[in-house]
Amino acid sequence: MAEIPENSVDAVVSTCVLCSVMKIQDVLHEIKRGGKFLYFEHIGHDRKTWKRFAQMIVEPLWTFIFENCHLSSETAVSVRKVGFTDVSQSVIDIEGSCFLCRRHVIGIATK
């Protein structure tokens, strides 16, 4: 995205796409070049829980069927690591959906 000048974008919005990105830190660095980052992404369950264990067992087949979607994605952690100055996010469970992809993070990060 070198052709897009830094700070020329007011906001970037992502909805359930970062789970399938190969190099999430690279993508987040590009997003950070803009203004605000608004996101709603599914993430992995807490480590050392049976739900996370189930995600890890199912994930190889899941990524094949659902075009590289990773059930154990750690987008919430990745957003914090990339160096946004302000990150406000909440982890929520979407009731009624399959427990494998029930956990989500919703947030706003600013440069």
Side-chain angles (χ1 to χ4, degrees):
M1 295 191 37
E3 64 276 356
I4 298 175
E6 190 155 338
N7 297 320
S8 65
V9 176
D10 292 331
V12 175
V13 179
S14 76
T15 307
C16 296
V17 295
L18 293 177
C19 59
S20 58
V21 170
M22 297 296 272
K23 295 181 179 179
I24 191 167
Q25 291 299 318
D26 291 349
V27 171
L28 290 173
H29 279 292
E30 286 296 314
I31 290 171
K32 191 174 166 231
R33 293 177 56 226
K36 289 188 178 190
F37 175 40
L38 296 93
Y39 52 98
F40 177 77
E41 299 286 337
H42 77 83
I43 58 174
H45 284 283
D46 295 335
R47 292 178 182 262
K48 298 184 180 179
T49 63
W50 72 268
K51 290 178 182 177
R52 178 63 169 245
F53 179 74
Q55 286 178 317
M56 298 306 291
I57 296 295
V58 172
E59 192 164 78
L61 181 60
W62 187 278
T63 57
F64 177 75
I65 294 170
F66 295 104
E67 300 184 29
N68 205 43
C69 171
H70 291 268
L71 293 168
S72 62
S73 173
E74 295 192 340
T75 303
V77 174
S78 298
V79 169
R80 289 203 181 279
K81 282 184 180 179
V82 80
F84 286 99
T85 56
D86 186 32
V87 178
S88 175
Q89 61 185 9
S90 297
V91 174
I92 59 172
D93 287 335
I94 306 295
E95 295 301 321
S97 62
C98 172
F99 80 91
L100 290 170
C101 54
R102 181 175 293 167
R103 180 141 292 192
H104 287 71
V105 61
I106 185 168
I108 300 172
T110 52
K111 186 174 175 181

Where is the tightest heavy-atom contact between [X] and [Y], given as atom of each residue plus distance?
{"X": "Pro5", "Y": "Ser8", "answer": "O-OG, 2.6 Å"}
{"X": "Val79", "Y": "Ala109", "answer": "CG1-CB, 4.0 Å"}
{"X": "Ala11", "Y": "Leu38", "answer": "CB-CD1, 3.9 Å"}

Inset, instruction - Could you check Met56, Arg52, Gln55, Lys51 and say which one makes a side chain to side chain contact (heavy atoms under 4.5 Å, CB included) with Leu71? - result: Gln55
Joint cluster assignment, [X] & [Y], ILVMFWY side-chain distance < 4.5 Å:
{"X": "Leu28", "Y": "Ile108", "value": "no"}
{"X": "Ile31", "Y": "Val87", "value": "yes"}
{"X": "Ile94", "Y": "Val91", "value": "no"}
{"X": "Val13", "Y": "Val17", "value": "no"}
{"X": "Met22", "Y": "Ile24", "value": "no"}

Using 0.5 Å steps for rounding, measure from the [atom1] atom of [X] to the [atom2] atom of [Y].
{"X": "Ile106", "Y": "Ile43", "atom1": "CD1", "atom2": "CD1", "answer": "11.5 Å"}
{"X": "Tyr39", "Y": "Ser78", "atom1": "OH", "atom2": "OG", "answer": "10.5 Å"}
{"X": "Gln89", "Y": "Thr75", "atom1": "CD", "atom2": "OG1", "answer": "9.5 Å"}

Legend entry - Exam field: side chain His45 to backbone Phe99, donor-acceptor pair closer than 3.5 Å: yes
Legend entry - Side-chain (Thr85) to main-chain (Thr110) donor-acceptor, under 3.5 angstrom: yes
May I ask you to test the [X]-[Y] pair for a side-chain heavy-atom distance under 4.5 Å?
{"X": "Cys19", "Y": "Phe66", "value": "no"}
{"X": "Arg103", "Y": "Asp46", "value": "yes"}
{"X": "Lys32", "Y": "Phe37", "value": "no"}

Inset, instruction - Using only heavy-atom distances, determine whether the side chains of Ser20 and Glu67 contain a donor-acceptor pair under 3.5 Å. - result: no
Legend entry - Donor + acceptor pair across side chains of Ser72, Glu59 (<3.5 Å): yes
Has [X] got more than 12 heavy atoms of other residues, nucleotides or ligands less than 6.0 Å from its [atom1]?
{"X": "Lys36", "atom1": "NZ", "result": "no"}
{"X": "Asp10", "atom1": "CG", "result": "no"}
{"X": "Phe53", "atom1": "CZ", "result": "no"}

Legend entry - Presence of salt bridge, Arg47 and Glu74, under 4.0 angstrom: yes
Inset, instruction - Evaluate the ring planes of Phe40 and His104, with Trp represented by its six-membered ring, and classify them as parallel (under 30°), tilted (30 to 60°) or perpendicular (over 60°). - result: parallel
